[in-house]
Amino acid sequence: MVKPCPICKRDAVAERAQNEFAPFCSKRCRTIDLGRWLDESYRIPAVEDDEEDEAPPVSNGPGDRTR
Ligand SMILES: [Zn+2]
């Protein structure tokens, strides 16, 4: 029974006996999956977005002719 890789959904993943990265097709996909998992677990809810006000543009002088 061969299943597609859950990450790239392309390559057929060999069984674990022949593929140390199962259920992923490759080390790369396994790393990606791990990265996603960690990213979610470490993500702090809220306190994201609402970053509209970054550092205000540096004025080039008292003239401030941005308009
Ligand atoms: Zn893959």
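Since this is a predicted model, take the numbers as computed values, not measurements. Whatever order the structure lists ligands and atoms in, that order sets their numbers, starting from 1.
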Margin query: Rounded to the nearest 0.5 Å, what separates atom CD1 in I7 from atom CZ in R30?
Written below: 12.0 Å

Next item on the list: Identify the heavy atoms of A22 and A14 that sit nearest to each other, and give their distance.
Entry: CB-O, 4.0 Å

Notebook entry, point to check: Leaving out waters, which are not shown anyway, how many protein N, O or S atoms lie closer than 2.8 Å to the Zn ion (ligand 1)?
Noted result: 4

Check: Is there side-chain contact between F24 and D33, with at least one heavy-atom pair below 4.5 Å?
Finding: yes

Notebook entry, point to check: If you round to the nearest 0.5 Å, how far is CD1 of I32 from SG of C5?
Noted result: 8.0 Å

Notebook entry, point to check: Measuring from C25:SG to K9:NZ, what's the distance to the nearest 0.5 Å?
Noted result: 11.5 Å

Check: What is the distance from atom CD of E20 to atom OG of S26, rounded to the nearest 0.5 Å?
Finding: 10.5 Å

